Amino acid sequence: MSGPLDALRKLCLALPEATERLSHGSPAWFVRGKKTFVMFHDDHHGDGRLAFWCPAPPGAQEELVRTEPERFFRPAYVGHRGWVGVRLDVDVDWGEVDRIVREAYRQVAPKTLAARVD
């Protein structure tokens, strides 16, 4: 199922100084090879989801999970830090995914790089 992964990869690698490598056995994207801004998961520990996890602005995770629980969820391990899980095995709005990825990048990137993201 390379379609969603390839589409997500393209969005992530379009951002300034973004890199990709495996993290915990799954593709993940980093700012300058250090801070993670997106982690891809396919059936993470048997949860049955094709999704990605990323940091979100304060309050965004709760709002998204509350209003659209069929598309968003609180991920394991990082959910307590405000990260949000975004399903890719439902009807995906790639424009929205692009906005979510860009916002995740802004959450962890140095100010100089974050400022380069429209």
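FYI, the numbering just counts along the sequence from 1. All values reported here derive from a predicted model rather than from experimental measurement.
Among residue pairs with one or both ends in residues 22-41, those qualifying as salt bridge (Lys or Arg N to Asp or Glu O under 4.0 Å) are E17-R32; sequence neighbours excluded.
Contact between C54 and V38 at its shortest, heavy atoms only, is CB-CG2, 4.2 Å. Among all heavy-atom pairs drawn from A114 and A109, the shortest one is N-CB, 4.0 Å. In plain terms, the two heavy atoms of R102 and V117 that are nearest each other are NH1-CG1, 3.5 Å.
You'll find the side chain of W94 reaches within 4.5 Å of the side chain of L88, heavy atoms only. Put simply, the side chain of V84 does not reach to within 4.5 Å of the side chain of W53, judged on heavy atoms. At least one side-chain heavy atom of L50 sits under 4.5 Å from a side-chain heavy atom of P4.
No path of Ile, Leu, Val, Met, Phe, Trp and Tyr side chains, each step under 4.5 Å between heavy atoms, connects F30 with Y105, placing them in separate hydrophobic clusters. Residue L5 is grouped with residue V86 when hydrophobic side chains (ILVMFWY) are merged at heavy-atom distances under 4.5 angstrom, including chains of intermediate members.
Side-chain atoms of R99 come within 3.5 Å of backbone atoms of G95 as a donor-acceptor pair (strictly under, hydrogens ignored). Formation of a donor-acceptor pair under 3.5 Å by the R106 side chain with backbone atoms of P57 is not found in this model. Although no hydrogens or angles enter the test, the distance criterion places no donor-acceptor pair under 3.5 Å between the side chain of Q61 and the main chain of A56.
Atom CH2 in W83 sits 5.0 Å away from atom OG1 in T36 (nearest 0.5 Å). With rounding to the nearest 0.5 Å, the separation of CZ in F37 from CD1 in I100 is 13.5 Å. The CZ atom of R87 lies 13.5 Å from the NE2 atom of H41; values are rounded to the nearest 0.5 Å. Note that the SG atom of C12 and the CZ atom of F52 stand 7.5 Å from one another [nearest 0.5 Å]. Here the CH2 atom belonging to W29 is positioned 11.5 Å from the CG atom belonging to L15, to the nearest 0.5 angstrom. Rounding to the nearest 0.5 Å gives a distance of 9.0 Å between CD of E20 and CG of L8.
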Verdict with reasoning, H80 to R74, per side-chain contact (heavy atoms from CB on, under 4.5 Å): CA-CA 8 Å; H80 70 280; R74 187 176 194 250; 3.4 Å; yes
Derivation and outcome, side-chain contact (heavy atoms from CB on, under 4.5 Å), residues D47 and D43: CA-CA 5 Å; D47 70 3; D43 197 28; 4.1 Å; yes
Derivation and outcome, side-chain contact (heavy atoms from CB on, under 4.5 Å), residues M39 and S26: CA-CA 7 Å; M39 295 183 72; S26 295; 5.7 Å; no
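Relative ring orientation between Y77 and H44 is described as perpendicular, the plane-to-plane angle rising above 60° on a 0-90° scale split at 30° and 60°.
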